[in-house]
2 protein chains.
Amino acid sequence: MRRMTARPANAHQARLLRLLRDEGPNSRAQLGDRVDLSRSRLAVEVDRLLETGLAVADGLAASRGGRRSHNIRLAPNLRFLGVDIGATSVDVAVTNAELEVLGHLTQPMDVREGPVPVFEQVLGMAAKLKASGLAEGFDGAGIGVPGPVRFPEGVPVAPPIMPGWDGFPVREALSQELGCPVMVDNDVNLMALGQMHAGAARSVDDYLCVKIGTGIGCGIVVGGKVHRGVTGSAGDIGHIQAVPDGRPCACGNRGCLEAHFSGAALAQDAVEAAQQGRSPQLAARLAEYGRLTAADVGAAAAAGDATCLDLIRDGGTRAGQVIAGLVSFFNPGLVVIGGGVTGLGHNLLAAIRTQVYRQSLPLATGNLPIVLDELGATAGVVGAARLISDHVFSPA
Amino acid sequence: MRRMTARPANAHQARLLRLLRDEGPNSRAQLGDRVDLSRSRLAVEVDRLLETGLAVADGLAASRGGRRSHNIRLAPNLRFLGVDIGATSVDVAVTNAELEVLGHLTQPMDVREGPVPVFEQVLGMAAKLKASGLAEGFDGAGIGVPGPVRFPEGVPVAPPIMPGWDGFPVREALSQELGCPVMVDNDVNLMALGQMHAGAARSVDDYLCVKIGTGIGCGIVVGGKVHRGVTGSAGDIGHIQAVPDGRPCACGNRGCLEAHFSGAALAQDAVEAAQQGRSPQLAARLAEYGRLTAADVGAAAAAGDATCLDLIRDGGTRAGQVIAGLVSFFNPGLVVIGGGVTGLGHNLLAAIRTQVYRQSLPLATGNLPIVLDELGATAGVVGAARLISDHVFSPA
DNA sequence: GGACTTCTTCCCGGCGCAGGACAAAGTCGT
DNA sequence: ACGACTTTGTCCTGCGCCGGGAAGAAGTCC
């Protein structure tokens with residue numbers, strides 16, 4: 001069931017495709033304004049894109065004072081699959097060539113079960129999306145996994161929370177199953193790509209994207225490109241020491257950021273606070289559901305629970321200390337905070353901001369926005385689609 | 001006394017020039033092996049380089065089994081000026097086009113006197129080098145300053161240790177004086193470029209270069225290019241918190257790495273140790289010279305002074321903690337330790353290594369060399385020459 | 001309805017560039 | 001010493017990229 005997607009023949013065509021992807025339908029004349037090419041050349045390249053079926057004509061554009069131009073848009077039947085595998089759930093979405101999400105499924109899942117059952121589930125979800133008429137086939141798929149990846153090969157390497165995946169040829173296997181090109185990356189990197197396409201980072205070239213969920217990671221974008229490091233483990237900031245001689249961490253050290261502030265750590269703190277009677281609200285929730293999550297802390301804090309506010313503030317301060325260091329080091333133009341704990345909202349953001357603005361030098365923080373992610377689960381799947389679209393929209 | 005240096009006309013020529021710069025003289029045939037160009041094209045471009053005088057023919061190369069090829073080398077009369085302005089001294093060197101140092105002067109200087117007297121001194125040193133017959137004029141000059149720089153304009157911005165320089169048009173002024181292109185950068189970035197050209201980083205694309213001198217900074221190289229951050233302050237790691245609620249720092253915070261371990265901090269610790277009678281060796285040196293520097297600590301440690309060994313070990317551990325965080329975050333392929341404290345030698349390196357290998361994750365440290373800088377003062381000036389040569393060897 | 005603007009197509013000539021043919025210069029074996 | 005083979009450098013041809021002019025198509029504005 002292989003689906004042969006045409007590929008751009010040269011860099012000009014690739015450039016045009018990405019422009020159409022990022023800025024939507026555009027008239028030939030507008031395209032001419034954006035890509036430094038002569039009219040004749042542009043006409044030839046656009047015509048070839050139309051011939052190969054990657055783009056289609058789409059009626060007439062509004063006049064700009066003279067003859068009306070023809071609209072060009074990416075082929076409306078192109079489909080990308082975005083998959084975001086988390087620690088405890090999986091997101092699968094279908095997008096069109098402009099990376100608009102046409103359908104999105106979320107299901108609980110345990111990544112520790114290993115690649116084979118997880119992929120069965122993912123393929124089932126993809127089939128479901130296909131069956132609902134959203135796609136006839138896929139022109140590419142991007143996959144995010146919660147651990148480091150040897151990017152060129154698309155293979156997870158030594159992932160701490162998904163040991164069974166070490167060395168599993170994710171890219172190869174999925175490409176076989178889906179019959180289309182596949183790219184694999186760390187989930188945090190994909191979140192960063194999502195921000196680049198649809199989020200706060202659209203006009204920034206150097207930024208950090210901190211994801212605080214079950215674990216903690218950081219997507220690093222340098223000059224508009226994701227920095228993955230020499231072994232694919234760049235951005236693994238969960239095990240930076242935040243508290244000297246602090247809590248023991250699964251990695252064997254003490255005081256790791258992740259041990260003091262993450263979805264897991266926060267839930268544990270919440271349970272302790274409830275059991276010690278420091279927070280009636282949490283105690284009530286614990287009694288009701290039998291367990292607590294970061295969301296419960298956020299809800300209780302929003303309702304005014306002082307203990308929960310303290311937990312959030314302390315955690316934000318810890319995270320802020322580490323982020324302040326990264327800001328001093330990297331001097332980004334933007335920091336985006338995302339992941340499961342985003343539900344803690346502005347209390348968290350305020351604590352992080354305070355710490356960063358206090359600890360980093362004025363030159364680095366002077367014009368540095370620190371914002372919450374606004375895309376939620378969309379960021380990951382859009383980032384995945386963006387990753388593979390960059391690949392498909394590059395010369396063969 | 002403007003000297004008009006030819007510039008490459010296209011990217012091919014630029015490529016060839018850089019190849020000749022980095023790998024020395026080469027035969028036409030060898031050049032053909034390294035650049036993906038047809039023989040005809042290559043011949044045309046090389047001939048043009050010869051015509052413009054950027055390169056010269058240099059005899060016949062050894063035979064590779066057939067007709068002997070002609071050697072090509074960069075024009076032997078090209079000269080770059082490398083200037084490295086430190087906090088308390090200045091280095092000026094002349095290099096040829098292959099960035100070999102032909103002459104090198106070092107003089108004490110106080111950067112706080114401001115740009116005008118410092119530049120007078122620099123120009124005097126350059127004139128001295130010229131007068132000794134090393135250069136007739138300069139085809140470009142690179143300048144390193146100990147503070148952040150707005151790179152495109154070549155202007156220092158808000159430099160803490162050189163307040164008088166804020167906004168001074170270094171690039172413009174020196175270009176006027178010297179009559180040649182000038183580029184300005186942070187001294188740490190230039191040290192990193194020096195490692196790339198002549199040091200440990202020749203075959204690495206992503207690495208960090210930590211300079212521990214009067215202050216502490218870090219050069220960041222991503223994909224073979226220096227990362228300067230959005231405001232030019234990337235790598236400013238001296239004010240990352242190393243010790244919660246630690247010593248007060250000039251920046252207004254507490255526990256900054258620089259307050260606990262730098263040339264200045266170490267000298268102060270040494271004086272205290274001497275006065276408190278914890279180190280007879282240091283006391284003797286203090287009595288003799290009236291002051292102490294990091295070098296004294298190194299010498300005493302080498303002679304077996306336990307207190308000094310402790311000072312070095314503690315400092316290395318502090319630095320190692322911060323570097324461990326950077327390694328987790330950035331996942332470099334190499335870390336080079338340089339700057340004034342390199343004199344502390346392997347005791348320092350051992351402490352840093354221990355801490356990094358202990359605190360960072362195995363995937364990031366598995367194949368990570370951490371080495372001492374071997375170039376010393378040469379790194380800065382060669383890096384400066386490399387910076388401007390990259391500029392001169394790019395299409396106009 | 002006429003003058004002006006904008007957009008598209010067609011066409012020409014220059015340039016970059018690859019690759020083949022050929023000459024020059026050397027090596028190696030006999 | 002000589003011929004066969006290899007490597008290197010030069011010349012030439014042809015293709016495709018590409019910019020820009022000219023002309024026509026389509027609209028706007030007065």
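Within the structure, salt bridge (charged side-chain N to carboxylate O under 4.0 Å, His left out) contacts touching residues 195-207 of chain B (residues at least two apart or in different chains) do not occur. Residues in residues 189-200 of chain A take part in no salt bridge (charged side-chain N to carboxylate O under 4.0 Å, His left out) pair, two or more places apart or across chains.
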Contact list (N/O, under 3.5 angstrom) for nucleotides 20-24 of chain D vs protein:
{"residue": "dG20(D)", "atom": "O6", "partner": "Ser40(A)", "partner atom": "OG", "Å": "2.7"}
{"residue": "dG24(D)", "atom": "N2", "partner": "Arg67(A)", "partner atom": "NH1", "Å": "2.7"}

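By the salt bridge (Lys or Arg N to Asp or Glu O under 4.0 Å) test, Arg67(A) is found to be paired with no residue, residues two or more places apart in sequence or in another chain being considered. Every side chain to side chain donor-acceptor pair (under 3.5 Å) that Asp185(B) has, sequence neighbours left out, goes to Asn189(B), Arg228(B). Listed by chain and number, the residues in a salt bridge (Lys or Arg N to Asp or Glu O under 4.0 Å) with Arg15(B) amount to none (sequence neighbours excluded). Remark: Leu50(A) engages Arg28(A), Val46(A), Asp47(A), Ala55(A), Ile72(A) in a side chain to side chain contact (heavy atoms under 4.5 Å, CB included) (not counting sequence neighbours). Arg39(A) meets the side chain to side chain contact (heavy atoms under 4.5 Å, CB included) test with no other residue; sequence neighbours excluded. When the side chain to side chain contact (heavy atoms under 4.5 Å, CB included) test is applied to Pro25(B), the partners found at least two apart in sequence or on another chain are Arg73(B), Glu98(B).
At most 12 non-hydrogen atoms from other residues, nucleotides or ligands lie less than 6.0 angstrom from CD of Glu374(A).
Between the side chain of Arg68(B) and the backbone N or O of Ala61(B), at least one donor-acceptor pair lies under 3.5 Å.
Using a 4.0 Å cut-off on heavy atoms, the residues of residues 16-34 of chain B that approach DNA chain D are Arg28(B), Ala29(B), listed by number. Sorted by residue number, the members of residues 43-62 of chain A with any non-hydrogen atom under 4.0 Å from DNA chain D read Arg48(A).
When the P atom of dT27(C) is taken as reference, atom CZ of Arg68(B) falls 7 Å away, rounded to whole Å. If you take CG of Leu37(B) and P of dG19(C), they are 11 Å apart, rounded to a whole angstrom. Taking atom NE2 of His70(A) as the reference point, atom P of dT9(C) lies 7 Å away to the nearest angstrom. Rounded to a whole Å, the CG atom of Asn71(A) is 10 Å from the P atom of dT8(C).
Look at Arg64(A) and you'll find a side-chain N or O under 4.0 angstrom from OP1 or OP2 of dC7(C). In terms of phosphate contacts, His12(B) brings no side-chain nitrogen or oxygen within less than 4.0 Å of OP1 or OP2 of dG16(C).
Each of Asp36(A) and Ser63(A) was assigned the nucleotide of DNA chain D with the nearest heavy atom; the assignment lying further toward the 5' end belongs to Asp36(A).
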Side-chain donor-acceptor distances from residues 388-396 of chain B under 3.5 Å, at least two apart:
{"residue": "Ser389(B)", "atom": "OG", "partner": "Arg21(B)", "partner atom": "NH1", "Å": "2.6"}
{"residue": "Ser389(B)", "atom": "OG", "partner": "Ala385(B)", "partner atom": "O", "Å": "3.4"}
{"residue": "Ser389(B)", "atom": "OG", "partner": "Arg386(B)", "partner atom": "O", "Å": "2.9"}
{"residue": "Asp390(B)", "atom": "OD1", "partner": "Arg21(B)", "partner atom": "NH1", "Å": "3.0"}
{"residue": "Asp390(B)", "atom": "OD1", "partner": "Arg21(B)", "partner atom": "NH2", "Å": "3.3"}
{"residue": "Ser394(B)", "atom": "OG", "partner": "Asp390(B)", "partner atom": "O", "Å": "3.4"}
{"residue": "Ser394(B)", "atom": "OG", "partner": "His391(B)", "partner atom": "O", "Å": "2.6"}

